[in-house]
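The residues of the chain are indexed from 1 along the displayed sequence. This structure is a prediction, so every number in the text was calculated from the model and none was measured.
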Amino acid sequence: VQVKTGRAGLGDAPVGLLLRALLLAAMVLSGWQVLKRGQALDLASPRYGIAGLEQAAERDASNSRTQFLLGMVRRDLPGAEDLDAAVRHFNLAVGLNPFSWRYRLEQSRALELAGSLPESEEALNEAVRLNPRSGAYRWRLANFQLRHGSQEEAIEEMGVAITLDPALQGAALGLVLKLEVDFEQIDSIWPTDRSGRLRLLQRLCAWLVESQSEEGAGLAYARDLWAEVLELEPPLTMSEGRFYPQFLLDRGHPAAAREAWLQLTEGNAMTDAEFESGRNAVWNADFEHTLQGRPLGWTLVRSDHVRARQVKGEGLDGSAALRVEFLGRENLSFTGLSQTLVVEPGTDYRLSAHLRSEGITTDEGLFLEALDKTSRRVLVSTEPVAGTENWRAVSEVVQVPNEGELLVLRLRRRPSRMLDSKIRGKIWIDRISLEPVEP
């Protein structure tokens, strides 16, 4: 046993030495590889340019990122373009890292530029397969199909892209409209959620304005979309929906704009029975609702010289009113409160209102003024109110021109010619009406 043990021990020594030698060799090799990779990474830094990248690729042929960067440089850098080299580097990058969707995507573009369309489409489809939730990749595929394949397939792929990435919807709509895709097909690919339908309507209206296209089917489709989004939950807010009646006004459809404004305000719990019935062309005539601005609400221009706000309990019989306070800093030409009104051409209306003043200085008081929106011609002005007066009713007849469909009603003050001309004081306005005069 002792002899055998001795022989075993002697036999183990060479084996142990061999193992240690192999381990040392592996460590040396690993260290050399680490050193080479570190040198390659340093050479691949921007300060060494293309030559550095090429040296890095030689020193560390297994680095997919270096091959990818060389492919980008040879494909896109002015003065360094070499499509064959770009394709070769992208192929090497993909071979080293076949699961990188970015590599596949850029490889596809290089192959397309080189004229290798089947290989390009294959690489692009693989990029989409590896990253199926990217709207941008789907967008690239849709555009490839538009350039080289079927428009029908491209439009369907575009629908997937804009569902995944809503930021692409503006570009998508511009593209499909340029391609003269019919609105029924656009509707079929567009997201059906509330935000998607609202974006579609917004961008469609913007396109109709920018392109100055014939209305026809485009306007009809916009009206259908408006009816659709009005039914969605939650209801449209004023800020979300005011663009549509403004669009209709800009396109010369005041009656449709009025109807859309009425739908929008009622959806926001701001009903106005007199306005709805047509008995009063002024919306929110008694200032019971907050001021809503354009296109058909009261617009108030902010100023350092004037403070204006809706006040509860300061109107006629304790109702709400609008109070405007002048701070005595300027000899103002004031037109800061106004509303656009939809009226019947060639019709006579009676403009009436109640005004109260407190300490309005200078000889120029405040009055209401109606003018034709198109020509800017003043049609009528009420008697001015100045000094301190209790509630006073003012009334005038407005003759709307035969071609007029829109008026502007505004609170007005002309600049004074007196030396002490800086206006100070307060004025209240309530119960404004513009009613058709009975024949």
### Residue pairs passing the side chain to side chain donor-acceptor pair (under 3.5 Å) test where at least one lies in residues 77-89, sequence neighbours excluded
Gln67-His89
With [X] via salt bridge (charged side-chain N to carboxylate O under 4.0 Å, His left out) - residues at least two apart:
X      : value
Arg138 : Glu157
Glu405 : none
Arg309 : none
Glu153 : none

Identify each donor-acceptor pair in which a side-chain atom of residues 116-124 lies under 3.5 Å from a protein atom, sequence neighbours left out, and give them as a table.
residue : atom : partner : partner atom : Å
Ser120  : OG   : Ser108  : O            : 2.7
Ser120  : OG   : Ser108  : OG           : 3.1

For residues 183-190, tabulate all N or O donor-acceptor pairs below 3.5 Å that involve a side-chain atom, not counting sequence neighbours.
residue : atom : partner : partner atom : Å
Gln185  : NE2  : Glu152  : OE1          : 3.2
Asp187  : OD1  : Arg197  : NH2          : 2.3
Asp187  : OD1  : Tyr221  : OH           : 2.8
Asp187  : OD2  : Arg197  : NH2          : 3.4
Ser188  : OG   : Gln185  : O            : 2.6
Trp190  : NE1  : Gly196  : O            : 3.2

### Message
Using side chain to side chain contact (heavy atoms under 4.5 Å, CB included), reason through Val380 and Val397 one step at a time and then give a plain yes or no.
### Response
CA-CA 7 Å; Val380 74; Val397 172; over 6 Å; no
Is it true that, when you exclude [X] itself, more than 12 heavy atoms of the residues, nucleotides or ligands shown sit nearer than 6.0 Å to its [atom1]?
X      : atom1 : value
Glu266 : CD    : yes
Glu389 : CD    : yes
Glu180 : CD    : no
Arg203 : CZ    : yes
Arg417 : CZ    : no

### Query
Atom OG of Ser100 and atom CG of Leu130: how far apart are they, to the nearest 0.5 Å?
8.0 Å
Mind checking what makes side chain to side chain donor-acceptor pair (under 3.5 Å) contact with [X], not counting sequence neighbours?
X      : result
Arg356 : none
Trp283 : none
Ser352 : Ser433
Asn280 : none

Between [X] (side chain only) and [Y] (backbone N and O only), is there a donor and an acceptor less than 3.5 Å apart?
X      : Y      : answer
Asp372 : Pro401 : no
Arg75  : Val87  : no
Asn97  : Ser64  : no

### Query
Is the closest side-chain donor-acceptor distance between His289 and Gln310 under 3.5 Å?
no
### Task
Check step by step if side chain to side chain contact (heavy atoms under 4.5 Å, CB included) holds for Trp298 and Ile432.
CA-CA 12 Å; Trp298 288 111; Ile432 306 175; 3.7 Å; yes
#### Entry: Qualifying residues under ring pair (Phe, Tyr, Trp, His ring centres under 6.0 Å), relative to His305, sequence neighbours excluded
none
#### Entry: Nearest non-hydrogen partners of Pro345 and Val400, listed with the distance
CA-CG1, 4.1 Å
### Task
Give a yes or no on whether the ring-centroid distance for Trp261 and Tyr244 is below 6.0 angstrom.
no
